[in-house]
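Read through the structure below, which is laid out as structure tokens, and then see the notes.
Given the structure is predicted, the values throughout are model-derived calculations rather than measurements.
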Amino acid sequence: MSYAYLGFGSNVGDRETQLNQAIHILNDTEGINVTQTSLIYETDPVGYVEQPQFLNQCIEIQTTLTPRDLLKVCQETEQQLHRVRDIRWGPRTLDVDILLFDKQIINEDDLVIPHPRMLERSFVLIPLNDIAPDFTEPHTNKKIRNLVTLDNTVKQYKG
């Protein structure tokens, strides 16, 4: 059994419902058990900024899947919630990223773990810190709690 941490983002449609639906879809998938969910945060878009604000959340799962099989499930979950990939970093109903998978380091063309931009993004590290403050990030050998920086653009979502 492995532990993995996933990051969610949504800024199109009913954002909160889509995050919740993703959790249910993943938890109902054979080989995945959602064990923790972070608070939800509202953040400004990054990259392509002419779009609505995002809701971001992280979850912890226990899984018997391989990282590659988990990637496939994450992409299928995005498709079930009507993800469209028109603009890089553009608007989306749901984005699901594998942030960490145990302490594995994977560097393949279509699968990079830990997520390559995770350490640059407060909207990932802040919710990840909610559920895994003592997890040691394998590239830096630092605990998540020590990688988080305060960022007043990441605000707890009140619904």
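Between Ser2 and Leu65 there is no side-chain heavy-atom pair separated by less than 4.5 Å. When side chains are defined from C-beta on, Ile25 counts as touching Leu81, because their heavy atoms get closer than 4.5 Å. Under the 4.5 Å side-chain criterion, counting only non-hydrogen atoms from C-beta, Leu99 is not in contact with Leu6. Between Gln57 and Ile23 there is a side-chain heavy-atom pair separated by less than 4.5 Å. Annotation: side chain of Gln104 is in contact with side chain of Pro67 (closest heavy-atom distance under 4.5 Å). Between Val124 and Asn56, every side-chain heavy-atom pair lies at or beyond the 4.5 Å cut-off. Residues Leu128 and Ser38 have side chains not in contact (no heavy-atom distance under 4.5 Å, counting atoms from C-beta outward). Considering only heavy atoms from C-beta on, Ile61 comes within 4.5 Å of Leu70 through its side chain.
Looking at Gln62 and Thr35, their side chains never bring a donor and an acceptor atom within 3.5 Å of each other. Side-chain atoms of Gln80 and Thr77 form no donor-acceptor pair, as typed in the model, at a separation below 3.5 Å. Side chains of Thr136 and Asn141: no donor on one and acceptor on the other come within 3.5 Å.
Within the structure, salt bridge (charged side-chain N to carboxylate O under 4.0 Å, His left out) pairs that include any residue of residues 9-18 comprise Arg15-Glu42 (at least two apart or interchain). Applying the salt bridge (charged side-chain N to carboxylate O under 4.0 Å, His left out) test to every pair with at least one member in residues 18-31, sequence neighbours left out, gives no pairs at all.
With hydrogens and angles disregarded, no donor-acceptor distance shorter than 3.5 Å links the side chain of Gln36 to the backbone of Ile59. The backbone N or O of Phe123 lies less than 3.5 Å from no partner atom in the side chain of Thr43, so there is not a single donor-acceptor pair. Side-chain N or O atoms of Ser10 include one that pairs as donor or acceptor with a backbone N or O of Thr93 at under 3.5 Å. Remark: side-chain polar atoms of Gln156 are not paired, donor with acceptor, to backbone N or O of Leu39 under 3.5 angstrom. Judged purely by atom type and a 3.5 angstrom limit, Asp95 has no side-chain atom pairing as donor or acceptor with the backbone of Phe8. The backbone N or O of Gly7 sits nowhere less than 3.5 Å from a side-chain atom of Asp97 that would complete a donor-acceptor pair. Looking only at distances, a side-chain donor or acceptor of Thr66 sits under 3.5 Å from a matching main-chain atom of Asp69. Between the Asn27 side chain and the Val34 main chain, a donor and an acceptor come within less than 3.5 Å of each other.
From Thr37, atom OG1 reaches atom CG of Asn20 across 8.5 Å, with rounding to the nearest 0.5 Å. To the nearest 0.5 Å, atom CG of residue Leu111 and atom CD1 of residue Ile98 are 5.5 Å apart. Note that CD1 of Ile126 is 12.0 Å distant from CG of Leu147, once rounded to the nearest 0.5 Å. Note that NE2 of His139 and CE of Met118 are 8.0 Å apart. Values are rounded to the nearest 0.5 Å. Here Lys72 contributes atom NZ and Gln75 contributes atom CD; the two are 10.0 Å apart, rounded to the nearest 0.5 Å. The CD atom of Glu120 lies 11.5 Å from the OG1 atom of Thr149; values are rounded to the nearest 0.5 Å.
Closest heavy-atom contact between Pro114 and Pro138: CG-CG, 3.6 Å. Smallest separation of non-hydrogen atoms from Arg145 and Asp134: NH2-OD1, 2.7 Å. Of all the heavy atoms in Ala4 and Phe101, the pair that sits closest is CB-CD1, 3.7 Å. Counting all heavy atoms, side chain and backbone alike, Cys74 lies closest to Val96 at SG-CG1, 3.5 Å.
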Would Leu19 and Ile40 satisfy side chain to side chain contact (heavy atoms under 4.5 Å, CB included), going step by step from the backbone distance to the final call? CA-CA 9 Å; Leu19 296 178; Ile40 297 173; 4.0 Å; yes

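Leu100 is not connected to Tyr3 by any chain of hydrophobic side-chain contacts under 4.5 Å among Ile, Leu, Val, Met, Phe, Trp and Tyr, and they are in different clusters.
Applying the side chain to side chain donor-acceptor pair (under 3.5 Å) test to Gln53 and every residue at least two apart in sequence or in another chain returns Asp44. Partners of Asp110 under the salt bridge (Lys or Arg N to Asp or Glu O under 4.0 Å) rule, at least two apart in sequence or in another chain, are Arg68. Listed by chain and number, the residues in a side chain to side chain donor-acceptor pair (under 3.5 Å) with Asp130 are Tyr41 (sequence neighbours excluded). With sequence neighbours excluded, the residues that form a ring pair (Phe, Tyr, Trp, His ring centres under 6.0 Å) with Phe135 are Tyr5.
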